[in-house]
Amino acid sequence: MDKLSREEILHVAHLARISLTEEEIEKFRVQLKVLMDDIDKIKDVKDFDDEMMYTPIEENARLRDDVVGDMLSAKVATINAPKKNGSFIEVPVMINE
């Protein structure tokens, strides 16, 4: 099939909320069919499997070691808090009723 039907083109135009002239309808009958044929070719491509997925390098990511450090005191942890109550940070209430 070389073209889509006139009704199919008008349906697509309706979905896109556009109006087409008679010349545009004829032009798009061929162009949209070519586009749909190309999409069908993509659909025919074999699905990927695990054998096809590989990386060009074999190195694993190097992550830093977890090192236990000194605990922050409450005074140091709350030093930049805009509002605090003792050793606690005050935050705005976020409850919708």
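Everything numeric here is computed off the predicted structure, so don't read it as measured data.
- To the nearest 0.5 Å, atoms CD1 (Ile25) and CZ (Arg6) are separated by 4.0 Å.
- Annotation: the span from Leu10 atom CG to Leu15 atom CG amounts to 11.0 Å, rounded to 0.5 Å.
- The number of heavy atoms from other shown groups lying within 6.0 Å of CG (Asp44) is above 12.
- Note that CD of Glu7 is 14.5 Å distant from NE2 of His14, once rounded to the nearest 0.5 Å.
- With hydrophobic clusters built from ILVMFWY side chains whose heavy atoms lie under 4.5 angstrom apart, Ile9 shares a cluster with Ile18.
- Expressed to the nearest 0.5 Å, how far CG of Asp38 lies from NZ of Lys43 amounts to 12.5 Å.
- Under the salt bridge (Lys or Arg N to Asp or Glu O under 4.0 Å) criterion, Glu23 pairs with no residue at all, not counting sequence neighbours.
- Applying the salt bridge (Lys or Arg N to Asp or Glu O under 4.0 Å) rule to Glu26 yields the partners Lys3, Arg29; only residues at least two apart in sequence or on another chain are considered.
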Please evaluate residues Asp37 and Lys41 with respect to the criterion salt bridge (Lys or Arg N to Asp or Glu O under 4.0 Å), reporting the C-alpha separation (whole Å), side-chain torsions for both, the decisive distance (0.1 Å), and the verdict. CA-CA 6 Å; Asp37 289 342; Lys41 288 178 190 175; over 6 Å; no
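- Between Phe28 and Leu20, the closest heavy-atom pair is CE1-CD2, 3.7 Å.
- To the nearest 0.5 angstrom, Leu4 atom CG is 11.5 Å from His11 atom NE2.
- Between the side chain of Lys84 and the main chain of Thr78, a donor-acceptor pair closer than 3.5 Å is present.
- Under a hydrophobic clustering in which Ile, Leu, Val, Met, Phe, Trp and Tyr are joined whenever their side-chain heavy atoms come within less than 4.5 Å, directly or via other members, Leu32 and Ile39 fall into the same cluster.
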